[in-house]
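Structure record follows, encoded as structure tokens.
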Protein chains: 2
Amino acid sequence: MGPRTVEKHVHKDEAWERVRRYLAQKGLRSTGQRDLIIETFLAASGHINAEELTRAVKRRNRGVGAATVYRTLRLLSDCGVAVARTFGDGEKRYEVEDHDGHHDHLICESCGTIVEFEDDEIEALQDAVAKRYGFRLSRHKHELYGLCRKCIS
Amino acid sequence: MGPRTVEKHVHKDEAWERVRRYLAQKGLRSTGQRDLIIETFLAASGHINAEELTRAVKRRNRGVGAATVYRTLRLLSDCGVAVARTFGDGEKRYEVEDHDGHHDHLICESCGTIVEFEDDEIEALQDAVAKRYGFRLSRHKHELYGLCRKCIS
DNA sequence: GAACGCGCTGAGAACGATTCTCAACAGCCA
DNA sequence: TGGCTGTTGAGAATCGTTCTCAGCGCGTTC
Ligand SMILES: [Zn+2]
Ligand SMILES: [Zn+2]
Ligand SMILES: [Zn+2]
Ligand SMILES: [Zn+2]
């Protein structure tokens, strides 16, 4: 848990830095609601959806409206701090964008657990497939659905 | 184009067979609208969305309602003739389910072209990833986004 | 082939997630 | 402090999809 925590803090600072830069550049302001929502988002364990985030935020400040959470989530996407992903059939969830790395997902269809994985061989094969069909890739989505260890037993 | 056409016909018959069996088994009926919608869906080139299908159906029979198209699309999913997929961020599209084969997708972000691909090596590596994390897989979604040959030049 | 029971249909209402609208409010700078 | 402008919450609006319901027609029975 030691190095992992440090790593997370680094990401958090990097995220705030990005937000600050973006706000300044666009002439936008920093407000209490904004800060609270961003703070809550960064503290969450990732793969959170708008409703869950709104609940978490309201727990700390009842008055914050859902619209503001949606607006902030869009802001975070625009400045490269958050990425939206659509799991299953239509579950839209947000996670902190990882700027020096890439991962895909294993999703448990029973308990909803989402595990991240990286596989260089698969990544390389994707490029081969793209070349085979004359595509130039910009991104991809690779999701494996099934049952996690817990839900199998 | 020769064998390809034959193959498509076989799939079409198989699909109708599946529909017929399902209707009979569930005590459901065959109607003019139903038949028209299924016919139109099977004739489409795949990866069609509800709105496009509705337009195509209305071109042949103005009176058919959107609700009936949605209902039929659900019926087709239930009987294993169609599968719904969500491309990009939220574009829900349907294609004819391939019962003796599996494929994934290359999607052009500029013109929307969708190309299907199969890669046994990638499939094998997915199983390896699942084993590594203790998952038992049931399905997966693998989509490669980028520009197709046409849109690159 | 008339009658009947029940599934099917179209129109529009309802829905859930997200975005928009707008009047009140609050940063930030002079 | 005042003023300019970005921000906010509530509720309306939107969009794709599902639901509701009264009337319609498929398929079976006699
Ligand atoms: Zn699980
Ligand atoms: Zn992730
Ligand atoms: Zn293209
Ligand atoms: Zn396909």
Side-chain angles (χ1 to χ4, degrees), chain A residues 19-41 47-79 82-94 112, chain B residues 16 19-41 47-79 82-94:
Chain A
V19 171
R20 223 169 30 67
R21 253 207 317 275
Y22 185 79
L23 294 182
Q25 181 211 322
K26 294 272 183 180
L28 304 179
R29 293 171 187 167
S30 157
T31 69
Q33 291 92 323
R34 207 106 100 177
D35 291 353
L36 171 58
I37 295 166
I38 297 175
E39 189 56 44
T40 308
F41 171 68
H47 309 115
I48 194 173
N49 66 26
E51 193 207 336
E52 289 163 358
L53 180 56
T54 303
R55 270 209 306 277
V57 167
K58 277 181 188 291
R59 228 173 283 134
R60 300 216 242 164
N61 176 347
R62 198 66 58 79
V64 178
T68 302
V69 174
Y70 278 104
R71 280 188 285 242
T72 305
L73 239 15
R74 171 190 287 265
L75 185 156
L76 289 176
S77 300
D78 289 347
C79 68
V83 265
R85 293 178 182 280
T86 312
F87 293 109
D89 254 13
E91 262 282 281
K92 196 169 178 184
R93 294 182 164 275
Y94 295 81
Chain B
W16 275 113
V19 171
R20 222 170 32 65
R21 253 205 319 272
Y22 185 80
L23 294 181
Q25 181 211 323
K26 294 271 181 181
L28 304 179
R29 293 169 187 167
S30 157
T31 70
Q33 292 93 322
R34 206 106 101 175
D35 291 352
L36 172 57
I37 294 166
I38 298 175
E39 189 58 45
T40 308
F41 171 69
H47 309 113
I48 194 173
N49 66 24
E51 194 207 336
E52 289 165 356
L53 181 56
T54 303
R55 270 210 305 278
V57 167
K58 277 183 187 290
R59 227 172 284 135
R60 300 217 242 165
N61 177 346
R62 200 65 58 81
V64 178
T68 303
V69 174
Y70 279 103
R71 281 188 285 243
T72 305
L73 238 16
R74 171 189 286 265
L75 185 157
L76 289 175
S77 300
D78 289 346
C79 70
V83 266
R85 294 177 181 281
T86 312
F87 293 108
D89 254 12
E91 262 281 279
K92 196 168 178 185
R93 293 183 165 276
Y94 295 81

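These numbers come from a predicted model, not from an experiment. Residue numbers begin at 1 in each chain, while the letters A, B, ... track the order of the sequences. Keep in mind that the numbers below use all heavy atoms, side chains included, and drop hydrogens, waters and symmetry copies.
Note that CD1 of A/I48 and CG of A/L53 are 4.5 Å apart. Values are rounded to the nearest 0.5 Å. Rounded to the nearest 0.5 angstrom, A/L76 CG and A/F41 CZ are separated by 6.0 Å.
Distance, B/F87 CZ to D/dG16 C1': 18 Å, rounded to whole Å. Taking atom CZ of B/R34 as the reference point, atom P of D/dC26 lies 12 Å away to the nearest angstrom. Between B/Y70 atom OH and D/dT20 atom C1' there is a gap of 17 Å when expressed in whole angstrom units. When rounded to the nearest whole Å, the span between CG of B/N61 and C1' of D/dG25 equals 15 Å. In this entry the distance linking CD of B/E51 with C1' of D/dT17 reads 13 Å, nearest Å. For the pair A/R74 CZ and C/dA17 C1', the computed distance is 14 Å after rounding to whole Å. Here the P atom of nucleotide C/dT9 and the CG atom of B/L28 are 10 Å apart, to the nearest Å. Atom-to-atom, CG of B/L73 to C1' of C/dC8 comes out at 17 Å; the value is rounded to the nearest Å.
You'll find that the side chain of A/R71 is closest to C/dT21, out of C/dC8, C/dT21, C/dG12. In the set D/dT17, C/dG7, D/dA10, the nucleotide with an atom closest to the side chain of A/A67 is D/dA10.
B/T31 has no side-chain polar atom (N or O) that falls below the 4.0 Å cut-off from OP1 or OP2 of D/dG25. Contact annotation: A/Q33 reaches the phosphate of D/dG9 (side-chain N/O to OP1 or OP2, under 4.0 Å).
At a cut-off of 3.5 Å, with distance as the only test, a side-chain donor of A/R71 or A/T68 sits close to an acceptor on the other residue.
Side-chain atoms of B/K58 come within 3.5 Å of backbone atoms of B/V64 as a donor-acceptor pair (strictly under, hydrogens ignored). In this structure a side-chain-to-backbone donor-acceptor pair under 3.5 Å is missing from B/R93 to B/T86.
No contact: A/A66 has no heavy atom under 4.0 Å from any strand. Residue-level contact check: B/G63 touches the backbone only, with heavy atoms under 4.0 Å from sugar-phosphate atoms and none from bases.
Taking for each of B/G27 and B/K58 the nucleotide of DNA chain C with the nearest heavy atom, the 5'-most of the two is the partner of B/G27.
Taking 3.5 Å as the limit, the base of C/dC6 and the side chain of B/R29 contain a donor-acceptor pair of atoms between them.
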